[in-house]
Asker: 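Pasting a structure below so you can have a look.
Chain letters run A, B, ... following the sequence lines, proteins first and then strands; every chain starts at 1. Below, each value reflects all heavy atoms present in this structure, side chains not excepted, and no hydrogens, waters or symmetry copies.
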2 protein chains.
Amino acid sequence: MGCDPSPPGLRCATCPARAPGLCAPMRGPEALAALEAARRPALALPPGAAVFRQGEACRDVFILVAGWVALAQALPDGRRQVLRFLLPGAIFGLHPEEQANHALGAEALTAALVCPIPAERLAALRHAWPALDDRLLWCLERDVAFAAEQVTTLGQRPALARVAHLLLELLVRLGGRHPPAEGVAVPVPLTHRLIGDATGLTPEHVTRMLRRLRQDGVARISRGRLTLLDAARLVALADPPAELLALWAASG
Amino acid sequence: MGCDPSPPGLRCATCPARAPGLCAPMRGPEALAALEAARRPALALPPGAAVFRQGEACRDVFILVAGWVALAQALPDGRRQVLRFLLPGAIFGLHPEEQANHALGAEALTAALVCPIPAERLAALRHAWPALDDRLLWCLERDVAFAAEQVTTLGQRPALARVAHLLLELLVRLGGRHPPAEGVAVPVPLTHRLIGDATGLTPEHVTRMLRRLRQDGVARISRGRLTLLDAARLVALADPPAELLALWAASG
DNA sequence: CGTTTGCTTGAGGCTGTTCAATACCGGTGG
DNA sequence: CCACCGGTATTGAACAGCCTCAAGCAAACG
């Protein structure tokens with residue numbers, strides 16, 4: 001929960017080629033300096049800490065610099081839906097102006113570093129550097145495409161395909177390429193509960209689906225490490241639209 | 001399928017107060033004239049016609065001037081997911097640049113009138129009138145919020161709540177206010193199949209859920225007309241986040 | 001080490017699907 | 001005006017997928 005006013009700033013951590021963040025279009029030194037000047041001190045969060053809570057007033061927009069964050073919507077009955085697992089470079093917390101309070105919560109899954117940027121300062125930057133508008137527009141169009149795919153998955157695909165879809169998405173986003181590499185153990189800080197909240201399944205059923213994937217030699221996940229065994233069969237199970245694979249690979 | 005190069009243009013039909021379209025920020029006569037100049041001739045579509053098909057190249061962005069359009073993603077096995085029912089004023093067909101082909105299809109549910117705007121011309125307009133960026137950003141942030149809610153609904157809510165949620169959404173969007181008016185028969189061109197494709201249910205189960213809503217005196221839909229009987233109970237069943245109601249009412 | 005948290009497995013039940021048969025409505029052509 | 005027709009709605013019965021509940025286990029953490 002502490003504050004880290006010094007490095008790592010936006011410059012180094014949010015601009016890896018495979019996870020372009022907000023600063024990608026701010027190439028000029030002045031523009032980047034302006035973005036650096038606008039941001040608040042970076043927040044270092046321990047695992048489980050909330051970046052913001054559902055219902056809280058929207059004050060800042062955030063850039064995830066390091067670690068994993070989950071965006072989730074909780075329901076009154078205790079159920080909750082994970083909307084997206086965020087990786088470094090992600091920008092989140094944007095909202096239409098009518099919306100004064102967060103409809104979603106954001107929670108760190110690992111130790112995480114986030115940069116808050118006051119919403120009004122971001123608006124000022126947008127007007128000073130129009131390239132920032134292009135970037136934000138691109139990010140949002142991408143988010144809409146991702147959300148549409150998740151809607152289709154939850155509405156139409158059976159449990160096994162939902163889990164396969166999520167694993168494939170993570171592998172492609174983490175690896176930055178499609179097809180993803182086989183045989184590599186990738187760190188993935190997800191519990192069965194989190195996977196269930198993202199796929200609309202119970203943790204018990206997630207266990208059963210993961211067992212089938214393991215027994216069929218498709219992929220295995222254990223102790224926080226995900227290993228792809230058979231990329232072709234995972235893709236066949238997940239059956240993602242071709243358009244998405246490029247987006248996953250390109251945008252963390 | 002014909003072309004209608006004359007009225008109704010963007011001016012009259014897309015700017016009703018309750019369904020602000022692209023031109024809302026283009027108040028100045030020059031700006032509006034520029035938008036009018038950029039658009040192609042309006043397309044008049046018969047019911048069932050495709051505005052664009054899934055997999056087709058992305059060439060234009062569209063503004064819905066009149067009628068209903070469904071955005072849907074089809075799966076190889078014949079199932080499909082309706083992502084959103086569009087009402088007049090909606091802008092659709094935006095996509096991140098990596099995406100050369102539509103991941104979704106758009107189909108007219110009624111006779112409909114749409115204005116295509118070439119994507120590159122829209123980009124040019126954006127740079128000439130920065131207010132347009134604000135508007136597009138707002139539209140996309142709203143779309144992300146809507147999509148997030150649909151994800152939660154499909155992932156976590158049971159069948160009755162899903163149907164109630166959709167009916168409430170339509171009533172609030174059509175009426176432009178919350179709570180929606182009781183006792184008014186609103187034209188709604190949806191078949192049980194379409195409702196099922198939007199809620200992830202079979203048409204048969206949609207029938208059963210609608211029967212329960214009718215028997216419980218909550219709402220009834222028949223012969224293309226939706227009548228709200230008990231707003232409070234519909235809201236209780238649908239249980240939408242407070243943030244959404246304002247967005248539904250404000251944005252058609 | 002003890003405690004806690006998450007994982008695993010099984011049995012039984014509920015929700016929603018599938019399949020099939022019938023009724024309905026709107027449009028068409030005789 | 002009426003018979004016909006295609007698409008849609010309705011209903012029921014059997015089935016399947018996923019959930020609930022409960023117990024036992026493994027792993028992480030103080």
Asker: Would you kindly give the CE-to-C1' distance between B:Met209 and D:dT10, to the nearest whole Å?
Answerer: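 Answer to the nearest Å: 13 Å.
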Asker: Is B:Glu169 salt-bridged to B:Arg173, cutoff N-O under 4.0 Å?
Answerer: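 Looking at B:Arg173 together with B:Glu169, the answer is yes, because their closest N to O distance falls below 4.0 Å.
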Asker: Using a heavy-atom cut-off of under 4.0 Å over every strand shown, decide if A:Gly200 touches base, sugar-phosphate, or nothing.
Answerer: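 Answer is sugar-phosphate: A:Gly200 comes under 4.0 Å of backbone atoms only.
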Asker: Could you state the CG-C1' distance from A:Leu210 to C:dT8, rounded to the nearest angstrom?
Answerer: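 It works out to 12 Å between those atoms.
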Asker: I'd like to know if B:Arg233 and B:Asp216 make a salt bridge, using a cut-off of under 4.0 Å between side-chain N and carboxylate O.
Answerer: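 Here B:Arg233 does not pair with B:Asp216 in a salt bridge, since their nearest N and O are not under 4.0 Å apart.
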Asker: What is the distance, rounded to the nearest whole Å, between atom CD1 of B:Ile221 and atom P of D:dT8?
Answerer: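 Spelled out: CD1 on B:Ile221 to P on D:dT8 is 14 Å.
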Asker: Around atom CZ of A:Arg40, are there more than 12 heavy atoms of other residues, nucleotides or ligands at under 6.0 Å?
Answerer: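 Counting neighbours around CZ of A:Arg40, more than 12 heavy atoms of other residues, nucleotides or ligands fall under 6.0 Å, so yes.
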Asker: To the nearest angstrom, how far is A:Arg79 atom CZ from C:dT15 atom C1'?
Answerer: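 My rounded result for the distance is 12 Å.
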Asker: Base, sugar-phosphate, or nothing: which does B:Pro158 touch, judged by heavy atoms less than 4.0 Å apart?
Answerer: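 Sugar-phosphate only.
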Asker: Output yes when a side-chain donor or acceptor of B:Arg53 lies under 3.5 Å from a complementary backbone atom of B:Gly55, and no otherwise.
Answerer: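 No, the answer is negative, given that no donor and acceptor are paired below the 3.5 Å cut-off.
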Asker: Could you check how far CD of A:Gln156 sits from C1' of C:dT17, rounded to whole Å?
Answerer: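 These atoms are roughly 13 Å apart.
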Asker: Which nucleotide wins on minimum distance to the side chain of B:His192, given the candidates D:dC19, D:dT10, C:dT17?
Answerer: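 Shortest atom-to-atom distance from the side chain points to D:dT10.
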Asker: In whole angstrom, give the distance that lies between atom CG of B:Leu194 and atom C1' of D:dA9.
Answerer: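 It is 14 Å, rounded to the nearest whole Å.
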Asker: Picking from D:dC18, C:dG16, D:dC19, which would you name as closest to the side chain of B:Leu201?
Answerer: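 The listed nucleotide nearest to B:Leu201's side chain is C:dG16.
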Asker: Is it the case that the side chains of A:Gln150 and A:His165 hold a donor-acceptor pair, with the cut-off being a distance below 3.5 Å and no angle test?
Answerer: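 The criterion, which ignores hydrogens and geometry beyond distance, is not satisfied for A:Gln150 and A:His165.
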Asker: C:dG16 C1' sits how many Å from B:Arg157 CZ, rounded?
Answerer: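 Atom CZ in B:Arg157 sits about 18 Å away from atom C1' in C:dG16.
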Asker: Write out a two-atom table: protein N or O, nucleotide N or O from nucleotides 24-28 of chain C, distance below 3.5 Å.
Answerer:
none

Asker: My understanding is that only one of A:Arg80, A:Gln73, A:Gln81 makes a side chain to side chain donor-acceptor pair (under 3.5 Å) with B:Gln156; could you say which?
Answerer: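 Among the candidates, only A:Gln81 passes.
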Asker: Considering only nitrogen or oxygen atoms on both sides, find all protein atoms under 3.5 Å from nucleotides 9-11 of chain C and state each distance.
Answerer:
unit_1, atom_1, unit_2, atom_2, d
C:dT9, OP2, A:Arg211, NH1, 3.3

Asker: Parallel, tilted or perpendicular: which describes the rings of A:Trp68 and A:Phe85, with under 30° parallel and over 60° perpendicular?
Answerer: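 Ring orientation, 0 to 90° scale: tilted.
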Asker: Assess whether atom CZ of B:Arg220 is packed by more than 12 heavy atoms of other residues, nucleotides or ligands within 6.0 Å.
Answerer: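 Count not over threshold, so no.
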Asker: Return the minimal non-hydrogen interatomic distance between A:Ala66 and A:Leu64, and the atom names on each side.
Answerer: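 Where A:Ala66 meets A:Leu64 most closely, the heavy atoms are O-CD1, 3.4 Å.
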Asker: In this structure, how many angstroms lie between the P atom of D:dC18 and the CG atom of A:Asp197, rounded?
Answerer: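 Value for this atom pair: 17 Å.
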